[in-house]
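These notes concern the structure reproduced below.
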Amino acid sequence: MPSRPRTVAPETLGPTITIGEILVEIMATTVGAGFLEPQSLTGPYPSGAPAIFIDQVARLDGAAGIIAGVGNDDFGRLNVERLRRDGVDVSAIAISADWPTGSAFVRYRQDGARDFVFNIARSAAGQIALTPAAETLVQRAGHVHVMGTALSIPGAREVVLYAIETVRARGGSVSLDPNLRKELLTDGDALKSFDKVLAAADLLLPSGDELFTAAGITDEASAVARLLERGIGEIVLKRGEQGASFFTHDLARVNCAAFAVDEIDPTGAGDCFGATYLTCRRKGMAPGAALLHANAAGARNVTRLGPMEGVSTLAELTAFIAETPRR
Ligand code: ATP
Ligand code: MG
């Protein structure tokens, strides 16, 4: 028997929070395989999947907070100032005297695949812990969004599990973007905590094969059916330049064609997409309309260089939807 479908809690219950890495991103300016020879780079840009996500929530006027860590350096200041300016509660970002801000170097291959060099575990991002400021933020939150990338940080895993328990106990909800990165999947504990988050999720936002990884089945319809049976209320599948689809128990599947844009930098599209879908739903928008806005946010983001440079306000999304053709 399917369990009761779950949905996301309204905004009145408290802010959307996330936990995880704040990074600077430094991008190769040429396409190719990795970083095995000297090459030109551009950056630093504010980044980290949880940071991009929460910045997009705040730009849509959703109450938003992040539990994270940066170093006492320019990479940290650049990020904290951006988040603060965009309206994110930065009170639970710890500033470390001992560890530098994390970083990600990224280079695109010809086929669109990405190679990363991450410095997360041995950066301030790797030191995330349940500080008093983090506890205060969790206790007033209405929704926890979990980025799979954060589960590779041991301290963040503990905060995530604490936040899920606390927020659900007060009637709040949970979403999960698996965001699996081959470079970060090195740890059995990360996979164990992934399963715990999946079991608690009301909304799942996978992209591509992450749907199959989450369900343990490699056919789309069966994977969706299994996850819905397990009690996930809504599944929104991201399909890159093919758009996205929405699935739930008792409503027909909704497909949303992608907007036709010139892709400059795809990093961050999924994070802006997820933040927009969630925030629109928490504001009471119906799934189909939230999906359209999320597609617009993802598409708008890929037209800007830098993962956090293309976050959108609601007015920008409305204008973009009105003027941009679909694929
Ligand atoms: P990432 O983890 O790199 O941030 P993702 O794999 O989680 O990305 P994508 O499927 O790449 O997520 O992108 C999310 C959404 O953004 C897509 O479902 C689509 O709506 C939109 N999008 C992404 N790329 C494009 C594109 N080239 N053209 C139009 N829309 C796009
Ligand atoms: Mg993703």
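Atoms within each ligand, like the ligands themselves, are counted from 1 in listed order.
- Counting heavy atoms from C-beta on, the side chains of E21 and F118 never come closer than 4.5 Å.
- Of the heavy atoms in N295, both backbone and side-chain atoms come closer than 4.0 Å to ligand 1.
- Evaluated by nearest non-hydrogen atom to atom 17 (C) of ligand 1, the leading choice among G274, G240, G298 is G240.
- In the hydrophobic clustering, L292 connects to F259, V261, V302, F320, I321, either directly or through intervening members, whenever side-chain heavy atoms lie under 4.5 Å apart.
- Two residues are said to be in side-chain contact when any heavy atoms from C-beta on lie closer than 4.5 Å; P50 and T149 meet this criterion.
- Under the 4.5 Å side-chain criterion, counting only non-hydrogen atoms from C-beta, I164 is in contact with V146.
- With respect to the salt-bridge test (charged N to carboxylate O, under 4.0 angstrom), the residues K196 and E158 do not qualify.
- Between G243 and ligand 1, a contact under 3.5 Å exists for at least one N or O pair.
- In terms of N/O distances under 3.5 Å, ligand 1 is approached by S207.
- Contacts between Q242 and ligand 1, counted as non-hydrogen atom pairs separated by less than 4.0 Å, are absent for every part of the residue.
- In this structure, M285 is not a member of the same hydrophobic cluster as V254, with clusters built from ILVMFWY side-chain heavy atoms closer than 4.5 Å.
- Listed by number with element, the atoms of ligand 1 under 4.0 angstrom from any heavy atom of E263 are 24 (N), 26 (C), 27 (N).
- Where the criterion is an N or O separation shorter than 3.5 Å, residue side chain and backbone included, D177 fails it with respect to ligand 1.
- One distance of note links CZ of R84 with CG of D89; it measures 10.0 Å at 0.5 Å rounding.
- Near R114, meaning under 4.0 Å from one of its heavy atoms, ligand 1 places the atoms 3 (O).
- The N/O atoms of G270, backbone and side chain alike, include one that comes under 3.5 Å of an N/O atom in ligand 1.
- Each of the following atoms of ligand 1 lies closer than 4.0 Å to a heavy atom of R239: 10 (O), 18 (O).
- Residue V261 has at least one heavy-atom neighbour below 4.0 Å for each of these atoms of ligand 1: 28 (N), 29 (C).
- The heavy atom nearest to atom 15 (C) of ligand 1, out of those in F273, F53, F259, is found in F273.
- No continuous path of hydrophobic side-chain contacts links V311 to L60 [ILVMFWY only; heavy atoms under 4.5 Å].
- Annotation: side-chain hydrogen bond (donor to acceptor under 3.5 Å, both in side chains) contacts involving residues 282-293, sequence neighbours excluded, comprise E11-K283, T16-R282.
- More than 12 heavy atoms of other residues, nucleotides or ligands shown are found within 6.0 angstrom of CZ on R327.
- Atoms of ligand 1 found under 4.0 Å from any heavy atom of N179, numbered from 1 in the order shown, are 2 (O).
- Atoms of ligand 1 found under 4.0 Å from any heavy atom of G268, numbered from 1 in the order shown, are 4 (O).
- Using a non-hydrogen distance threshold of 4.0 Å, E210 does not register as a contact of ligand 1.
- Which parts of ligand 1 touch A299 is read off a 4.0 Å heavy-atom cut-off, strictly below it: atoms 21 (C), 29 (C), 30 (N).
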